[in-house]
Amino acid sequence: MALQPDDLLDARGLPCPLPLLKAKQALARLAPGQLLEVMATDAGSWQDFETFTAQSHHVMLEREARGDVYHYWIRKGGEGTS
């Protein structure tokens, strides 16, 4: 993967909805345009992150499953976004 994240969130082992909640907290600490990589093992996170980015100004650049670990790369949107 050529994407170089500005921050990495390891949410492996956390049940729904914690991976998404932790990702929201991590995104709040980033500047607009920065990239967050999230690793999660919760299968529900696949849909959670898709819905979240569709309803926010953040952009999911890529996502993939590597065995039982899901990886998400989310670019933070402009200020005042969810």
Side-chain angles (χ1 to χ4, degrees):
M1 181 58 54
L3 297 173
Q4 296 298 316
D6 296 291
D7 194 10
L8 173 63
L9 172 64
D10 185 351
R12 293 177 291 181
L14 297 178
C16 183
L18 290 176
L20 182 58
L21 294 176
K22 297 282 188 185
K24 287 180 178 182
Q25 292 172 341
L27 284 165
R29 294 188 297 268
L30 294 178
Q34 287 190 305
L35 184 63
L36 174 67
E37 179 181 353
V38 181
M39 297 184 309
T41 50
D42 174 45
S45 67
W46 193 261
Q47 182 63 44
D48 290 345
F49 280 97
E50 181 177 344
T51 301
F52 168 66
T53 54
Q55 295 175 354
S56 72
H57 289 93
H58 307 305
V59 177
M60 185 162 29
L61 298 179
E62 186 71 46
R63 68 178 176 173
E64 66 181 34
R66 297 180 192 163
D68 63 350
V69 179
Y70 304 95
H71 294 259
Y72 307 94
W73 289 268
I74 302 170
R75 176 132 0 249
K76 181 173 179 171
E79 286 302 314
T81 58
S82 308

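- Taking CG from Leu9 and CG from Leu14, the interatomic distance works out to 8.0 Å, rounded to the nearest 0.5 Å.
- In plain terms, the two heavy atoms of Pro19 and Asp42 that are nearest each other are CG-CB, 4.2 Å.
- Looking at Thr53 and Tyr72, their side chains never bring a donor and an acceptor atom within 3.5 Å of each other.
- Nearest heavy-atom pair across Glu37 and His71 is OE2-ND1, 3.2 Å.
- A distance of 10.5 Å separates CD of Gln25 from CG of Leu20, quoted to the nearest 0.5 Å.
- Note: Phe49 and Phe52 have perpendicular aromatic rings, judged against thresholds of 30 and 60 degrees for the angle between ring planes.
- Atom CZ of Arg75 is separated from atom CG of Leu30 by 10.5 Å, given to the nearest 0.5 angstrom.
- In this structure a side-chain-to-backbone donor-acceptor pair under 3.5 Å is missing from Lys76 to Gln34.
- Judged by distance alone, the side chains of Thr51 and Gln55 never bring a donor and an acceptor atom under 3.5 Å apart.
- Under the 4.5 Å side-chain contact rule for hydrophobic residues, Val59 and Trp73 share a cluster.
- Of all the heavy atoms in Trp46 and Arg63, the pair that sits closest is O-NH1, 2.9 Å.
- Asp7 places no side-chain N or O within donor-acceptor distance of the main-chain N or O of Leu36, the cut-off being under 3.5 Å.
- The side chain to side chain contact (heavy atoms under 4.5 Å, CB included) check on Asp10 picks up Arg12, Met39, with sequence neighbours excluded.
- Closest approach of Ala40 to Ser45, counting heavy atoms only: CB-OG, 3.9 Å.
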